[in-house]
Amino acid sequence: MPLFEGLGTGGEKTAVVIDLGAAYTKCGFAGETGPRCIIPSEIKKPGLAQASKVVQFNINTEELYGYLKEFIHMLYFRHLLVNPRDRRVVIIESILCPSHFRETLTRVFFKHFEVPSVLFAPSHLMSLLTLGINSAVVLDCGYTEALALPIYEGIPILNAWEALPLGGKSIHMELQSRLLEECTVDTGTKTGEGLASVMSSIPEETLEDIKVCTCFVSDLQRGLKIQAAKFNIDGKAERPQQPPDVAYPLDGERILHVSGSIRLDY
């Protein structure tokens, strides 16, 4: 927050914008070009090795209230560094968000943080505002699902939405399966050992890092050649040469060799 904001003439301060996702949360201030921070939607409890997800729909209300209270407190006082009572709040939400989650989140903001106001805005509509257009079909590919919703003249057509349970989580599961089946790892004593013999599963944050650092989406021309080779009806199309394998450090002693075919498919 700039220093002059705290020394101003008392005018209303810009609103806090929070996009609470299943995997990551983006938060910042209205009017800025991007979020101030993007962090995992999870909190760490004392005595538990694994972090707890904040966005959960199958737990009781009081437990959810505790998770949200601790997470929102971290957003305000560790990342945004502002007083919750001074700023209005805009929550970017999915149209499929359950009512009890929305009500619990509202109770956290009003009862615990005493914010002036809370506005819930549909994520599909908000994405159009950044483009300056009023009508489009918006596809939101999230962590747990992909949701398509048409927007006409700034109004979401709610009875025309379509969704599939395919998103970042599905990519991670498929990526983990292929890594365990096809890739090898070098340890301190052996080389070329199958990854499945070293570990039975790969942590979520490691899968995310492998996906971001080593995998890529091919360009259009190469993609068309790959598609033609995949549906090679006449037997003439050839698949382009796959990218080289890369070495990914799992830790201080183990090196994972990610094959080129896996890198290109994601």
Keeping Asp245 on the side-chain end and Gly260 on the backbone end, is there a donor-acceptor pair under 3.5 Å? yes
Backbone N/O of Gly194 and side chain of Ser197: donor-acceptor pair under 3.5 Å: yes
Residues at least two apart in sequence or cross-chain that pass ring-ring contact (aromatic ring centres under 6.0 Å, His included) with Tyr24, listed by chain then number, are none
Contacts of Tyr143 meeting ring-ring contact (aromatic ring centres under 6.0 Å, His included) (sequence neighbours excluded), chain-then-number -> none
**Prompt:** So, Asp140 and His124: side-chain donor and acceptor under 3.5 Å apart, yes or no?
**Reply:** no
Across all chains, not counting sequence neighbours, the salt bridge (Lys or Arg N to Asp or Glu O under 4.0 Å) partners of Arg78 are none
Decide yes or no for Leu250 and Leu195: does some side-chain heavy atom of the first lie under 4.5 Å from some side-chain heavy atom of the second?
yes
Residue set satisfying salt bridge (Lys or Arg N to Asp or Glu O under 4.0 Å) with Asp86, at least two apart, ordered chain then number -> Lys13
Pair up each side-chain donor or acceptor in residues 100-107 with any protein partner under 3.5 Å, not counting sequence neighbours, and list the distances.
residue, atom, partner, partner atom, Å
Arg102, NE, Glu93, OE1, 3.0
Arg102, NE, Glu93, OE2, 3.4
Arg102, NH2, Glu93, OE1, 3.3
Arg102, NH2, Cys97, O, 3.4
Thr104, OG1, His100, O, 2.7
Thr106, OG1, Arg102, O, 2.7

Problem set entry | Check ion pair Arg178-Glu181 (N to O, under 4.0 angstrom) | no
For Lys53, is there any backbone N or O sitting under 3.5 Å from a side-chain donor or acceptor partner on Gln56?
yes
*asked:* Regarding Thr25 and Ser41, do their side chains bring together a donor and an acceptor under 3.5 Å, going by distance alone?
replied: yes
In terms of heavy-atom contacts, Pro116 and Arg87 come closest through CD-O, 3.1 Å
| task | Can you establish whether the number of heavy atoms outside Lys44 located under 6.0 Å from its atom NZ is more than 12? | result | no
Exercise. Answer yes if the side chains of Thr214 and Arg263 hold a donor-acceptor pair under 3.5 Å, and no otherwise.
Key: no
Name each donor-acceptor pair under 3.5 Å that joins a side chain in residues 145-170 to protein atoms two or more places apart or in another chain, with its distance.
residue, atom, partner, partner atom, Å
Trp161, NE1, Leu158, O, 3.4

